Amino acid sequence: MGRRWWMKWYSWVILVAHVFAILIFTRGFLLTRTELPYYSHGSDISQSPCFSSTSTNHSWNKPVVDRLVIIVLDAIRFDFVAPSVFFQEKKAWMDKLSVLQKMAFAEGSSAKIFKAIADPPTTSLQRLKGLTTGGLPTFIDVGNSFGAPAIVEDNFIHQLVENGKRVVMMGDDTWIQLFPHHFNNSHPYPSFNVKDLHTVDNGCIEHLFPALYQDDWDVLIAHFLGVDHAGHIFGVDSLPMIEKLEQYNLMLEKVIKVLGSQSEPGGLHENTFLLVMGDHGQTLNGDHGGGSAEEVETSIFAMSFKKPPTSIPSELDTSSCKLDLDGKKKCASSIQQLDFAVTVSALLGIPFPFGSIGRVNPELYALGAGTWNLGGINARDSSNLSELEEWLLNYVNVLCINSWQVKRYIDVYSASSVIGFSSEDLLHISNAYVQAEQNWANSTKNLLLHRNERSHTLLPALTRQIDFYFSFLSNVSELARSKWTEFNLKLMGIGLGTMLISLFIIFLAIQRVNNLYTTSLLSPGGSGISFELIFAFFVVAIRACSFLSNSFILEEGKVASFLLATTSIVRLRSSIMKKKMLFEALSFLLLISILRFTIEVGLSKQAATSLFLSASPSWVLGVAPGHPLWTYMAEIGPILAVILLACLLCRTIANSIFGGLWKYITMATILSYVLIAVYWGAESSIPTLALLLQGMAKGHIPRMIYAIGLGQLLLFAVAHLFDKDRELDYKRSLVVKTVSILSAWSPTIIILSGKQGSLVALALIIGGYCIVKLESVEDSDSDAIFTFNPLAIAQWNLLAVCLFFATGHWCAFDGLRYGAAFIGFDEFVLVRQAILLTIDTFGFSHILPVLALPFLAVCNFLFGQNDHGKDFRFTQLSQMYMMYGLITATTVTVTIICVTIQRRHLMVWGLFAPKFVFDVVGLVLTDALICLASLLYSGRLEDDDTQAVQRTEQ
């Protein structure tokens with residue numbers, strides 16, 4: 001009894017150790033950037049070396065526009081806005097926002113299309129925070145995307161309020177969470193129900209157009225969410241997405257018409273500036289969060305209702321031009337989202353956010369040139385200046401203020417922060433700023449004060465001064481992107497050291513189990529080293545070492561499937577030599593080939609709507625994607641698969657070992673499988689099937705399945721605690737409990753996974769069966785250091801990894817299937833949706849494989865082979881769970897080593913950090929499941945197994 005309790009306590013100790021190590025390492029690695037409690041003030045401009053505004057309200061520069069309309073179209077890709085001629089192939093979703101293209105390329109129009117580049121991670125909270133503060137939000141803020149905290153840093157919304165600007169907001173309620181006390185009027189709508197495409201958009205439209213006729217605001221923000229939600233649920237290439245874009249086009253056409261009708265001199269919108277922009281892009285399957293080009297590239301459409309600006313110097317023009325079918329040139333510029341906050345602040349004449357490190361974009365700023373004049377600068381008469389020189393003079397002064405503000409922030413940050421930037425980096429930045437400031441003070445500023453005397457040298461001087469400022473600001477942004485986060489190497493070292501110690505403890509525990517439960521595991525003169533152990537070690541080591549390369553992390557699913565196929569070939573060789581289980585070995589190899597194909601589909605980021613069941617495999621079968629045969633296969637196949645699962649379960653519980661409460665638990669699963677089949681049938685695109693089941697309350701079926709699953713788990717607990725049936729020995733009890741717990745979990749996991757769920761469940765059953773069957777014929781190795789074959793555990797672990805990627809997941813936040821969290825629910829509740837999303841993400845890769853591991857321990861009993869003895873099973877199962885935990889902990893430890901080494905890598909936040917987050921969450925979940933298994937599967941060994949252990953000790 002004491003020894004069994006030692007085993008239980010061991011698993012809990014490992015869980016606590018891993019949680020401690022992860023928390024400590026995370027504290028050092030994912031530290032949030034030091035947020036300084038400082039704000040810019042109008043009077044601060046007197047400290048700068050630049051020309052100040054002549055107005056009495058301490059404006060940093062003369063306002064360019066009076067009113068600003070910001071329309072945020074969430075998850076707008078660049079190819080939604082830019083003309084299709086910019087891309088190699090025209091797609092169905094292109095050129096739908098035709099009004100923006102029409103205005104941008106119209107003769108005499110003051111409008112322009114920009115490709116806006118976001119900094120990853122591309123979650124909505126990250127982007128809104130970056131857009132408003134002008135800084136680079138750190139990776140840890142991703143965790144707050146479902147519960148955004150108020151921004152405490154200086155930001156342009158705060159500056160608007162502090163400088164008397166009236167701000168109104170409508171749409172995504174994230175703005176209210178970020179800025180709870182900043183809006184004069186607001187109309188927020190819940191943003192997390194991704195299945196709702198219209199509530200937020202309709203609410204925006206309802207309040208937007210009346211507001212355009214009112215004069216009680218200076219800045220209007222309308223945040224639409226329909227495109228983002230349509231992408232998450234249906235993908236980019238879908239009818240709902242096209243319908244949303246067409247709706248936006250009509251809305252924007254009306255907005256431009258309303259603003260234009262009141263833009264005459266003295267009109268309400270005489271000096272109003274319109275910005276239509278995205279916060280981030282999205283992949284073709286509608287996901288975002290990572291750093292791929294599709295996710296970071298969005299768009300900004302900017303329009304002034306004044307006359308077109310003066311042409312700017314070619315050195316400042318980032319336009320990329322293409323010729324359309326009519327031979328007309330169409331151009332689009334580019335802008336970093338980092339530059340948005342400071343550019344908008346300059347347009348409105350408010351102080352720049354204290355922590356902004358962006359640069360005032362010359363092209364976006366130039367669209368307000370129709371209202372520029374030199375009255376805002378303390379300089380001499382400008383009557384002799386050309387329009388271009390006047391433009392450059394204003395812009396140079398704004399850049400002077402911009403550079404002074406950034407240098408001030410860097411100095412304060414370095415002095416206030418615990419670590420800050422290195423002295424070498426600070427010296428490099430300081431030299432760049434000193435060079436720009438000296439040129440300003442000694443050359444440019446003096447030239448401006450006497451420009452009438454030396455007008456021929458003014459233009460080159462201004463251009464040269466702009467180059468100096470650009471160089472300084474570029475150096476700062478590059479430094480921030482590469483070294484922004486403050487890594488605490490001491491905490492990271494403690495966390496990594498704790499993980500390494502835990503690996504050693506797990507290995508010692510495996511040997512201790514041998515010493516406790518067996519008299520001698522090694523034969524006289526045995527080495528204790530078997531081929532299976534060496535091979536398993538190399539397989540695990542190869543996979544772990546692959547994490548040191550960003551390319552192999554991107555292809556992790558392929559690596560896992562390759563290694564699993566390699567182990568299966570070894571098993572096939574053994575089967576051929578022994579002339580046993582050849583069918584199982586070949587079946588396992590075929591299954592891995594199928595999984596490899598589905599992993600390819602998932603990693604291509606094309607599988608949001610179960611592409612495995614819609615289009616991609618159709619070319620393999622020689623069937624066109626839209627062919628009715630393929631439609632029937634994609635719809636009927638999953639339903640038949642779930643019916644097959646029900647039949648397999650019926651056959652299983654027909655066995656005499658299932659009785660009492662255990663039988664009712666598994667019978668409830670059969671009912672859930674039937675409900676899943678009905679639910680999928682009711683949602684089928686096959687008219688006959690959908691019509692047949694249209695009377696079903698399909699909206700309630702998922703909730704019924706969740707409720708049944710919860711009831712099964714409660715019933716399992718009751719049966720485990722109070723069932724006094726002692727007729728079953730430990731092995732039979734282990735089989736019954738394993739089948740029952742898997743039955744309780746599987747329906748919820750299957751329905752959350754979509755129609756691919758039943759097929760993946762069959763793949764797990766077939767793969768597990770083949771591993772168990774092939775293991776059951778392995779000869780006992782008298783020289784083995786373990787009571788089991790380590791290669792089988794390695795295969796089990798690799799199969800779980802393959803299932804993670806085969807279900808369309810990958811280790812990035814855009815690999816989460818957010819739509820699964822809303823199956824059965826329309827409203828957003830943080831805890832409930834987080835639980836459902838976790839079950840969907842880790843169901844097939846962690847929950848089911850870990851809970852099903854006892855099948856390996858009782859494989860001989862399952863297939864009628866000779867048993868090694870009753871006391872052997874608990875020892876074997878304990879070591880199997882330790883080995884499984886050791887393999888998982890080893891790969892996570894290497895991931896931690898990887899992110900430690902690569903912490904300055906360009907892709908640290910776009911690739912390595914998400915990989916770290918997914919791996920450590922998976923490790924904690926695996927440890928927790930092993931702890932649960934130690935409670936569920938320990939059994940009542942008092943009857944027979946304990947006695948057998950005592951006999952062995954005697």
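Quick caveat, the model's predicted, so the values are computed rather than measured.
- If you take CG on Leu533 and CE on Met883, they are separated by 6.5 Å, rounding to the nearest 0.5 Å.
- In terms of heavy-atom proximity, Thr598 sits nearest to Ala806 at OG1-CB, 3.3 Å.
- Remark: side-chain polar atoms of Ser561 are paired, donor with acceptor, to backbone N or O of Lys558 under 3.5 angstrom.
- Counting heavy atoms from C-beta on, the side chains of Leu284 and Asp237 never come closer than 4.5 Å.
- Heavy atoms of other residues, nucleotides or ligands lying less than 6.0 angstrom from CZ of Phe537 number 12 at most.
- At distances below 3.5 Å, at least one donor-acceptor pair connects side-chain atoms of Ser758 with backbone N or O atoms of Pro638.
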Notebook entry, point to check: Could you go step by step and tell me if Leu572 and Leu582 meet the side chain to side chain contact (heavy atoms under 4.5 Å, CB included) rule?
Noted result: CA-CA 7 Å; Leu572 177 62; Leu582 186 59; 3.6 Å; yes

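- For the atom pair CG of Leu886 and OG1 of Thr891, the computed distance is 9.5 Å after rounding to the nearest 0.5 Å.
- With contacts defined as side-chain heavy-atom distances shorter than 4.5 Å, the pair His288/His232 qualifies.
- Taking 4.5 Å as the limit, some side-chain heavy atom of Leu856 sits within range of a side-chain heavy atom of Ile793.
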- request: Decide side chain to side chain contact (heavy atoms under 4.5 Å, CB included) for Ser743 and Leu649; before the verdict, give the C-alpha distance in whole Å, the side-chain angles of both, and the deciding distance to 0.1 Å.
  value: CA-CA 8 Å; Ser743 299; Leu649 199 55; 3.6 Å; yes

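- Distance alone, capped at 3.5 Å, places no donor-acceptor pair between the Lys915 side chain and the Thr895 backbone.
- Contact annotation: the side chain of Val540 never approaches that of Asn797 to less than 4.5 Å [non-hydrogen atoms, C-beta and beyond].
- Under the 3.5 Å distance criterion, the side-chain polar atoms of Thr888 are left unmatched by any main-chain donor or acceptor of Gly885.
- Ion pair Glu532/Arg571 not flagged as a salt bridge, since none of the NZ, NE, NH1 or NH2 atoms sits closer than 4.0 Å to an Asp/Glu carboxylate oxygen.
- To the nearest 0.5 Å, atom NZ of residue Lys755 and atom CD1 of residue Ile750 are 14.5 Å apart.
- The shortest distance between side-chain heavy atoms of Leu563 and Phe538 does not fall below 4.5 Å.
- Of all the heavy atoms in Asp919 and Val892, the pair that sits closest is O-CG2, 3.6 Å.
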_Between Phe855 and Leu742, does the side chain to side chain contact (heavy atoms under 4.5 Å, CB included) criterion hold? Intermediate values first, please._
CA-CA 11 Å; Phe855 284 133; Leu742 294 176; 3.7 Å; yes

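- Judged purely by atom type and a 3.5 angstrom limit, Arg817 has no side-chain atom pairing as donor or acceptor with the backbone of His809.
- Remark: side-chain polar atoms of His720 are not paired, donor with acceptor, to backbone N or O of Lys737 under 3.5 angstrom.
- Side chains of Ser746 and Tyr673: a donor-acceptor N/O pair is present below 3.5 angstrom, by distance only.
- No hydrogens or angles considered: nothing links the side chains of Glu584 and Ser575 as a donor-acceptor pair under 3.5 Å.
- Looking only at distances, a side-chain donor or acceptor of Ser593 sits under 3.5 Å from a matching main-chain atom of Leu589.
- Between atom CG of residue Leu851 and atom OG1 of residue Thr738 there is a gap of 8.5 Å, rounded to the nearest 0.5 Å.
- Shown here for Ile847 and Leu929, the closest heavy-atom pair between the two residues is CA-CD1, 3.6 Å.
- When all heavy atoms of Ser546 and Val559 are compared, the closest pair comes out as OG-CG1, 4.2 Å.
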Under the side chain to side chain contact (heavy atoms under 4.5 Å, CB included) rule, what do Ile823 and Leu836 come out as? Steps first, then yes or no, please. CA-CA 9 Å; Ile823 293 179; Leu836 293 178; over 6 Å; no

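- Remark: Cys770 pairs with Ser587, Phe588, Ile766 by the side chain to side chain contact (heavy atoms under 4.5 Å, CB included) rule, at least two apart or across chains.
- Rounding to the nearest 0.5 Å gives a distance of 6.5 Å between OG1 of Thr926 and CD1 of Ile930.
- With a 4.5 Å cut-off on side-chain heavy atoms, Phe805 and Leu595 do not count as touching.
- We find the OG1-CZ distance between Thr841 and Phe918 to be 6.5 Å, quoted to the nearest 0.5 Å.
- Residues satisfying the ring-ring contact (aromatic ring centres under 6.0 Å, His included) test with His846, not counting sequence neighbours, are Phe842.
- Between Tyr884 and Pro849, the shortest heavy-atom distance links the atoms OH-CB, 4.1 Å.
- Tyr706 has its side chain out of reach of Pro747: every pair of non-hydrogen atoms, C-beta onward, lies at least 4.5 Å apart.
- Separation of the Trp662 and Phe716 ring centroids falls under the 6.0 Å cut-off.
- Nearest heavy-atom pair across Thr567 and Leu564 is OG1-O, 2.6 Å.
- Arg543 is listed as a side-chain neighbour of Leu798, based on a closest heavy-atom distance under 4.5 Å.
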task: Decide side-chain hydrogen bond (donor to acceptor under 3.5 Å, both in side chains) for Thr669 and Gln712; before the verdict, give the C-alpha distance in whole Å, the side-chain angles of both, and the deciding distance to 0.1 Å.
output: CA-CA 8 Å; Thr669 299; Gln712 287 175 286; 2.6 Å; yes

